[in-house]
Amino acid sequence: ALSERLTGVLKNLSSRGVLTEDQVKEGLREIRLVLLEADVSYELTREFVGRLRERAVGIEFGKTVSPGQQLVKFVHDELVTLLGKDPAPLAFATVSPTVILMVGLQGSGKTTTAAKLAARLKREQKAPFLVAADVYRPAAEDQLRQLGEEVGVAVFGPREHGSADGDDVVSLVQGGIAAAEKARARTVIVDTAGRSQIDEEMMGELERLKSAVTPLEVLLVADGMTGQDAVRIAKGFNEALGITGVILTKLDGDARGGAALSIHGVTGAPIKFVGVGERLDALEEFDPVRMAGRILQ
Amino acid sequence: AVLVKGVDHEMLEDVERVLIEADFGPATFSLVENLEQQIRRGGLKTEDAFRGWLVDEIAGMFGAGEAGELHFAADGPTVVLILGVNGVGKTTQAAKLAHRLLRSGKSVLLAAADTFRPGATEQLAIWADRLGLPVVRGTRGGDPAAVAYDAVEAATARGIDVAIIDTAGRLHTESGLMKELQKIVRVVGRRCDGAPHESFLVLDGTVGQNAMQQGKSFAAAVPISGLIVTKLDGTARGGAVVCLQREIGVPVRFLGVGERLEDLDPFEPRRFAERLLG
Ligand SMILES: Nc1nc2c(ncn2[C@@H]2O[C@H](COP(=O)(O)OP(=O)(O)OP(=O)(O)O)[C@@H](O)[C@H]2O)c(=O)[nH]1
Ligand SMILES: Nc1nc2c(ncn2[C@@H]2O[C@H](COP(=O)(O)OP(=O)(O)OP(=O)(O)O)[C@@H](O)[C@H]2O)c(=O)[nH]1
Ligand SMILES: [Mg+2]
Ligand SMILES: [Mg+2]
């Protein structure tokens, strides 16, 4: 744990109650390593350690708290602030239906998370509706349909849309929203195909989709095990679409989750939920204090 | 020692940044220190020389390449197991491997041993259909080891060269799921001597330092004969695999570079090192 590591490097402390510049240097090197091992981005780690350096010299520590612990608390509190300490719920339109677009890299967990979100909204009586707009991946529509059935939420996909406009994702989604309105749904969750942010054609599709259906939320669904690429992914999706919220998935594993910091740092968008399992109730509200603890462990 | 006047610290910092941002990890620092020493000793004088040295060092961290060939069984079907955490590209890579084998003249059978995830069997069945291949399936929620067993049975009975078994994504931290994987390995091993002849751990190219935990945990649970790193057609560099493969002594065999059947490259260390350095 960070506190043990810091206690280790700061163990030759004099009994005077202030951290010297050399001690701070040692401590910061350790903090830097911890952050990089936790997949926090190079740039953010650098800025973070830089800011700490200015504030840490001259920290006075009392007799009850070791300097290592003091420094850890310092880092922890700073991380919580950087992760966005105000809770950020989903936005809802005053005029139904609210459209929520799920976007992100291949395999990040969009389809599963779309269904989890639908289950949650159903419990919250927000009358959800699912649109299967991934027309590329084999059996993607099948997957969402089965998930929709499991949570008891209607799904509109290529099968309902018919093959006339089969290849146009935008017209499919528009059809889905019309069907949702007809069914008196108040929230529409649109599952899209995974794509790389450097795929111009696929990003173009998302841009067209966004301008056609003006979603209130564009949620970036990102894999919690992502490393340094989190910055590039987040930048790309944000510059193209404007991300309004982030869902970090697969945090039931042992990935430290530094990507959370990178993604929030780059987009400024709040992390709204975390995926913590494959079951459809495995969606939790984001807790920055828990996340900070996980990154620093 | 002869000191080279002013080692360019900005240049070294750039190298550090490039490696970290490629997910090379904490091993970056000692590599850059090494580079600095080489420069100080006067061995490397130009930017090209620095880069050449880095490519050599990184490529040298991999064993000798095992370029893209599968290790076939001496007789009977070759059993290939595909495993890894959720969403990394197992099912797609299983299809790509089948495609590659077909093109080299082998007969192939696919097994949909992910009996858990919605749409999993349908997904592999569509790939099998596109490839004109038989697919062995089980019932949703059924025992994946039974599907694996049936696949080996079928391949043996029909004289098929290779049986590729796709499994469900599973986190290495789920002991129940790791036990399920061990059972699959045991069951095919009993039905066919030496099976699985290949077991590929598939890693997402975007994975960070968690790659180490994944690799170590899977390798401790079942024999792993190779690593496949996917999604390298994006901006990810896949650097985390360098230290991992050295740590667990498992070679990188293939790279996934897209979503189509042909998007599978045999692993080549120098080319990988070049790309890592940008
Ligand atoms: N353990 C765990 N697995 C998850 C979580 N979220 C999703 N998964 C799994 O991750 C895998 C990929 O999920 P999908 O929902 O298919 O991902 P996707 O983003 O829709 O994939 P593409 O459509 O191909 O881009 C599946 O095996 C899911 O069950 C999570 O929070 N925890
Ligand atoms: N860009 C890119 N996408 C890939 C690659 N390999 C797989 N994918 C995509 O990644 C997503 C997930 O692939 P799957 O094959 O379903 O992954 P999986 O490991 O079987 O997923 P689970 O069974 O749910 O654990 C799909 O959208 C694939 O098309 C690759 O090399 N490059
Ligand atoms: Mg999907
Ligand atoms: Mg799969």
Side-chain angles (χ1 to χ4, degrees), chain A residues 29 32-33 36-43 45-46 105-112 115 136-150 193-199 222-233 235-236 249-250 252-259 277-278, chain B residues 13 16-26 28-29 85-92 95 116-127 129-130 140 168-174 203-214 217 230-231 233-240 258-259:
Chain A
R29 182 179 332 205
R32 181 183 196 211
L33 258 180
L36 290 176
E37 286 167 4
D39 293 322
V40 178
S41 77
Y42 179 86
E43 190 55 34
T45 300
R46 189 188 166 93
L105 224 68
Q106 295 92 344
S108 65
K110 297 173 293 301
T111 304
T112 311
Y136 307 97
R137 170 173 153 155
E141 180 184 10
D142 245 314
Q143 184 185 6
L144 190 64
R145 220 173 267 294
Q146 289 182 32
L147 291 170
E149 200 161 314
E150 253 178 79
R195 68 204 66 210
S196 169
Q197 79 282 2
I198 57 170
D199 185 332
D223 191 321
M225 310 177 237
T226 310
Q228 298 287 320
D229 206 39
V231 171
R232 294 168 212 129
I233 297 166
K235 254 200 197 121
T249 63
K250 310 178 199 171
D252 41 318
D254 57 4
R256 301 270 291 279
E278 290 190 83
Chain B
E13 224 169 63
E16 185 181 88
R17 169 191 281 267
V18 166
L19 287 171
I20 293 282
E21 290 186 339
D23 285 309
F24 194 74
T28 297
F29 301 114
V85 303
N86 307 73
V88 297
K90 298 176 293 303
T91 304
T92 311
F116 169 76
R117 207 206 70 211
T121 298
E122 295 87 327
Q123 185 185 4
L124 190 66
I126 290 174
W127 281 118
D129 187 65
R130 289 179 185 175
R140 172 106 197 271
R170 71 200 65 230
L171 291 184
H172 51 287
T173 47
E174 293 287 320
L203 297 162
D204 195 312
T206 64
V207 73
Q209 296 310 302
N210 194 246
M212 195 57 88
Q213 276 86 290
Q214 290 179 32
S217 304
T230 64
K231 308 178 195 172
D233 46 309
T235 47
R237 302 282 167 85
E259 302 188 67

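Letters A, B, ... mirror the listed sequences (proteins, then strands); counts begin at 1.
In this structure B/Arg140 satisfies the salt bridge (Lys or Arg N to Asp or Glu O under 4.0 Å) test together with A/Glu150, sequence neighbours excluded.
For the pair B/Glu21 and A/Gln228, the tightest heavy-atom approach, listed with the atom from each and the gap, is O-CB, 3.4 Å. Residue A/Leu33 comes nearest to B/Pro26 through the heavy atom pair CD2-CB, 4.0 Å, listed as atom of the first residue, atom of the second, then distance. When all heavy atoms of A/Tyr42 and B/Glu13 are compared, the pair lying nearest together is OH-O, 3.8 Å. Of all heavy-atom pairs between A/Arg232 and B/Thr235, the closest is NH1-O, 3.1 Å. Across every non-hydrogen atom of A/Glu37 and B/Gln209, the tightest pair is O-CB, 3.4 Å.
Note that the CD atom of A/Gln106 and the NZ atom of B/Lys231 stand 6.5 Å from one another [nearest 0.5 Å]. In this structure, A/Arg46 CZ and B/Ile20 CD1 are separated by 12.0 Å, a value rounded to the nearest 0.5 Å. Interatomic distance, A/Asp223 CG to B/Asn210 CG, rounded to the nearest 0.5 Å: 9.0 Å. If you take CZ on B/Phe29 and CZ on A/Arg29, they are separated by 10.0 Å, rounding to the nearest 0.5 Å. One finds the CD atom of B/Glu259 at 9.5 Å from the CZ atom of A/Arg137 (value rounded to the nearest 0.5 Å). Atom CG in A/Asp229 sits 9.0 Å away from atom CG in B/Asp204 (nearest 0.5 Å).
For a residue to count as touching a neighbouring chain, one of its non-hydrogen atoms must lie under 4.5 Å from one of that chain's; by this rule B/Val88 does not touch chain A. The contact between B/Thr206 and chain A is made by backbone and side chain atoms together, counting heavy-atom distances below 4.5 Å. In this structure, the portions of B/Glu122 lying under 4.5 Å from any heavy atom of chain A include both its backbone and its side chain. If you measure heavy-atom distances from A/Leu36 to chain B, the contacts under 4.5 Å come from both the backbone and the side chain.
A/Asp142 contributes no side-chain N or O that, together with a main-chain N or O of B/Gly119, makes up a donor-acceptor pair within less than 3.5 Å.
In this structure, the side chains of B/Arg130 and A/Pro138 come closer than 4.5 Å at one or more pairs of heavy atoms.
Ranked by heavy-atom pairs under 4.5 Å with chain A, the list B/Gly234, B/Ala211, B/Ala236 is led by B/Ala236. Heavy-atom pairs under 4.5 Å with chain B peak, among A/Gly107, A/Ala140, A/Ser196, at A/Gly107. If you tally non-hydrogen atom pairs under 4.5 Å between each of A/Asp39, A/Asp252, A/Leu144 and chain B, the highest count goes to A/Asp39.
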Requested in this report: Please lay out, stage by stage, how A/Lys250 and B/Val85 fare under the test side chain to side chain contact (heavy atoms under 4.5 Å, CB included).
Outcome: CA-CA 10 Å; A/Lys250 310 178 199 171; B/Val85 303; over 6 Å; no
Requested in this report: Before giving the answer on side chain to side chain contact (heavy atoms under 4.5 Å, CB included), spell out for A/Asp254 and B/His172 the whole-Å C-alpha distance, their side-chain angles and the decisive distance to 0.1 Å.
Outcome: CA-CA 9 Å; A/Asp254 57 4; B/His172 51 287; 2.8 Å; yes
